[in-house]
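When a ligand or atom number is given, it counts from 1 through the structure's own listing order. Scope of the values below: all heavy atoms of this structure, side chains included, with no hydrogens, waters or symmetry mates.
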Amino acid sequence: MERDVTSIVLLLSGPNLNLLGEREPVIYGTATLADHVATATEAAATHGMVVDHLQSNHEGDLIDAIHAARGRCVAIVINPGALTHYAWSIHDALAAFEGPVIELHLSDPKTREPWRHLSVVEPVADQTIAGLGGDGYRLAIDTVAALLAH
Ligand code: CA2
């Protein structure tokens, strides 16, 4: 399907993801969040899309960004960080977004501590990508493109 070259994918990064590359490299790798945003941006360009990225340590900022994406962005890719596991307000905001939603994690939370096994975002996500490290960012964008083509 032909899309406008200005199709915007909103990429959201939740709490503490700004620390990527500084600590916990065994779990999250050595790449920085900027590296992952660059990967997503390059992947988006191959599909004629652009990426708008926001990282916030504040739940309300993420909710405001989801609201602002309505009618402006074609899809949302979100790594909600630990908010994944309890932020029903993010669930509700994503439920009001009309386009595809991809839940993205660097690690696979379902193989980690029991408190990470529940995702409150999963029920409103079209796809969940987890455990692929930085490759997940490229795959998330490719998945957006595939979903929009159907
Ligand atoms: O695997 C993921 O992408 C997570 O969303 C990352 C979250 C975690 O709470 C989720 O269960 C799974 C945590 C991001 C915190 O990232 C840090 C990076 C470096 C140092 C400390 C935290």
Could you go through ligand 1 and list every pair where one of its N or O atoms sits under 3.5 Å from a protein N or O, giving the atom names and the distance to one decimal?
| unit_1 | atom_1 | unit_2 | atom_2 | d |
| --- | --- | --- | --- | --- |
| ligand 1 | 1 (O) | L106 | N | 3.4 |
| ligand 1 | 1 (O) | S107 | N | 2.8 |
| ligand 1 | 1 (O) | S107 | OG | 2.5 |
| ligand 1 | 3 (O) | N79 | ND2 | 2.8 |
| ligand 1 | 3 (O) | L106 | N | 2.8 |
| ligand 1 | 5 (O) | N79 | OD1 | 2.8 |
| ligand 1 | 5 (O) | H105 | ND1 | 2.9 |
| ligand 1 | 9 (O) | A82 | N | 3.3 |
| ligand 1 | 9 (O) | R116 | NH1 | 2.9 |
| ligand 1 | 11 (O) | H85 | NE2 | 2.7 |
| ligand 1 | 11 (O) | R116 | NH1 | 2.9 |

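Side-chain N or O atoms of H58 include none that pairs as donor or acceptor with a backbone N or O of P15 at under 3.5 Å. Under a 3.5 Å cut-off, the side chain of D126 and the backbone N or O of V101 do form a donor-acceptor pair. Side-chain atoms of H85 do not come within 3.5 Å of backbone N or O of S119 as any donor-acceptor pair. In terms of modelled atom types and a separation under 3.5 Å, the side chain of H91 and the main chain of A87 share no donor-acceptor contact. A distance-only check finds a donor-acceptor pair linking the side chain of D35 to the backbone of T32 [under 3.5 Å].
Counting non-hydrogen atoms of neighbouring residues, nucleotides and ligands closer than 6.0 angstrom, the CZ atom of R72 exceeds 12 such neighbours.
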